2 protein chains.
Amino acid sequence: MKISEIAEKSGLTRSRIRFYEAEGLLGGVRRQGNGYREFPPEALQLLEIITGAQQAGFTLDEIKSLLPAADGKGWHHAELLTSLRRKVEDIEELQRRLKRTRAQLLTIIEGIETRPAGLGCKANTERVLAQVRARRS
Amino acid sequence: MKISEIAEKSGLTRSRIRFYEAEGLLGGVRRQGNGYREFPPEALQLLEIITGAQQAGFTLDEIKSLLPAADGKGWHHAELLTSLRRKVEDIEELQRRLKRTRAQLLTIIEGIETRPAGLGCKANTERVLAQVRARRS
DNA sequence: CTTGACCCTCAAGTTAACTTATACCTTAGG
DNA sequence: CCTAAGGTATAAGTTAACTTGAGGGTCAAG
């Protein structure tokens, strides 16, 4: 497979694919006589794994360290599992934070909407901030 | 208040505070005769609002456009509410994505742990990816 | 008067993950 | 042969949000 083909099939740009190869995330890329890249079919799967991992919040460096070593044969399952579990925990942590943040934003919105008549803007800011601080506990 | 004091009270670095001022996020900063910054007490609240908004996922540019104009007197409530509501939606969208991603990761973990004996690493990769793809729907 | 803690400005460096630009080669078609 | 489409390498640019560094004033104490 040449680069345009795999780019279309994967939905990624050619530059991005070349970038991944240069970074060592894409092993097994051969060269044709003319210097053109020749991608094995597995490369498509690999790209799928990479973009999926990215969406899961892995950095390229993390992904690189978890991918089957370009030289070795496959994954080191223990490490992979550890890393996956750690990432699940990261996500859960982020979920908790988002939940708090969302609640705070709703508190602020409510605080603005229900501003007591006669209370100045500045005073209301104080009031709303106090509500938010109270919520943090 | 001089910069070190507000830095300590806010927990931010001096460079970060100077940066915010330079970006126009921190209005009302005066100068003493010697050129030193003199922060009004409200600046502390402003910093609190800024970092809070950042944690809520606002970029500095967004925050800047929502803060009380340095020249004007206060907030433009309608815009502020609109933006806050939009950000709540962003958060909810992110929450949905995280939920899916977490489920996918768990699927993968399970797929690895329950690999049928006798199935090769490569074949199992295929199997697991298929499971993940199925989950995406 | 000197030392050390603070303060200033302005420019440049940092990180991640790419994209864009430059310049040149290859291949297929009319 | 010429051209357009597609390929290559390498370097530099991009964005966000800061940090770091260079070079230099200010102030209180001893």
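None of the values given here were measured: they were computed from a predicted structure. Order of the sequence lines sets the chain letters (A, B, ...), proteins ahead of strands, with each chain counted from 1. All values below come from the heavy atoms of this structure, side chains included, with hydrogens, waters and symmetry mates left out.
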What integer distance in Å separates [X]:[atom1] from [N]:[atom2]?
X	N	atom1	atom2	value
Lys2(B)	dC8(C)	NZ	C1'	13 Å
Arg31(B)	dC6(C)	CZ	P	19 Å
Ile6(B)	dC7(C)	CD1	C1'	15 Å
Glu23(B)	dA17(D)	CD	P	9 Å
Glu62(A)	dA17(C)	CD	C1'	14 Å
Arg37(A)	dT27(C)	CZ	P	16 Å
Lys64(A)	dA16(C)	NZ	P	12 Å
Leu12(B)	dC18(D)	CG	P	9 Å

Which residues share a side-chain hydrogen bond (donor to acceptor under 3.5 Å, both in side chains) with [X], sequence neighbours left out:
X	value
Thr51(B)	none
Glu8(A)	none
Lys9(B)	Glu5(B)

[atom1]/[X] to [atom2]/[Y] distance, rounded to the nearest 0.5 angstrom?
X	Y	atom1	atom2	answer
Ile109(B)	Thr114(B)	CD1	OG1	11.5 Å
Arg37(A)	Ile6(A)	CZ	CD1	11.0 Å
Glu23(A)	Arg16(A)	CD	CZ	12.5 Å
Arg102(A)	Leu98(A)	CZ	CG	10.5 Å
Arg97(A)	Ile91(B)	CZ	CD1	9.5 Å
Leu25(A)	Phe19(A)	CG	CZ	8.0 Å

Practice task
Go through residues 13-22 of chain A and report each residue with a non-hydrogen atom lying under 4.0 Å from DNA chain C, sorted by number.
Solution key: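 Listed by number, they are Thr13(A), Ser15(A), Arg16(A), Phe19(A), Tyr20(A).
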Handout entry: Among dT8(D), dA17(D), dC7(C), the one nearest Ile3(B) by side-chain distance
Key =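 Closest of the options to the side chain of Ile3(B): dC7(C).
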Considering residues at least two apart in sequence or located in another chain, which fulfil the salt bridge (charged side-chain N to carboxylate O under 4.0 Å, His left out) criterion with [X]?
X	value
Glu38(A)	none
Asp90(A)	Lys87(A)
Arg85(A)	Glu113(B)
Glu126(A)	none

Exercise for the section: Check each residue of residues 90-98 of chain A for a non-hydrogen atom within less than 4.0 Å of any atom in DNA chain D, then write out the ones that pass by number, or none. Expected result: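 Heavy-atom cutoff 4.0 Å gives no residues at all.
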Could you list, one pair per line, each protein nitrogen or oxygen that sits under 3.5 Å from a nitrogen or oxygen of nucleotides 12-15 of chain D, together with the distance?
none

Practice task
Step by step, work out the salt bridge (charged side-chain N to carboxylate O under 4.0 Å, His left out) result for Glu89(B) and Arg86(B).
Solution key: CA-CA 5 Å; Glu89(B) 276 171 28; Arg86(B) 190 155 35 75; over 6 Å; no
Practice task
Output yes when at least one side-chain N/O atom of Ser4(B) is less than 4.0 Å from OP1 or OP2 of dA5(C), else no.
Solution key: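 Answer is no, no contact under 4.0 Å.
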Handout entry: Phosphate OP1/OP2 of dC25(C) contacted by Gln32(A) side-chain N/O (<4.0 Å)
Key =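 For dC25(C), neither OP1 nor OP2 has a side-chain N or O of Gln32(A) closer than 4.0 Å.
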Exercise for the section: Give me the bend of the helix from dC1(C)-dG30(D) to dG30(C)-dC1(D), using the axes of the five pairs at each end, rounded to 10°. Expected result: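 That helix has its two terminal axes inclined by roughly 30°.
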Practice task
Please tell me which of Glu38(B) and Gly33(A) maps to the more 5' nucleotide of DNA chain C, matching each residue to the nucleotide holding its nearest heavy atom.
Solution key: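 Comparing both residues, the 5'-ward one is Glu38(B).
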Handout entry: Gln45(A) side chain to Glu42(A) backbone, donor-acceptor under 3.5 Å
Key =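 A pair under 3.5 Å: no.
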Practice task
Go through the steps to decide whether Arg18(A) and Glu21(A) satisfy the test salt bridge (charged side-chain N to carboxylate O under 4.0 Å, His left out), and finish with yes or no.
Solution key: CA-CA 5 Å; Arg18(A) 279 193 281 252; Glu21(A) 192 209 353; over 6 Å; no
So which protein N/O to nucleotides 26-29 of chain D N/O distances come out below 3.5 Å?
residue : atom : partner  : partner atom : Å
dT26(D) : O4'  : Tyr36(B) : OH           : 3.4
dC27(D) : OP1  : Asn34(B) : ND2          : 3.0

Exercise for the section: Find out if a path of hydrophobic residues (ILVMFWY) with successive side-chain heavy-atom gaps under 4.5 Å connects Leu94(A) to Leu106(B). Expected result: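 Same cluster: Leu94(A) reaches Leu106(B) through Ile, Leu, Val, Met, Phe, Trp or Tyr contacts under 4.5 Å.
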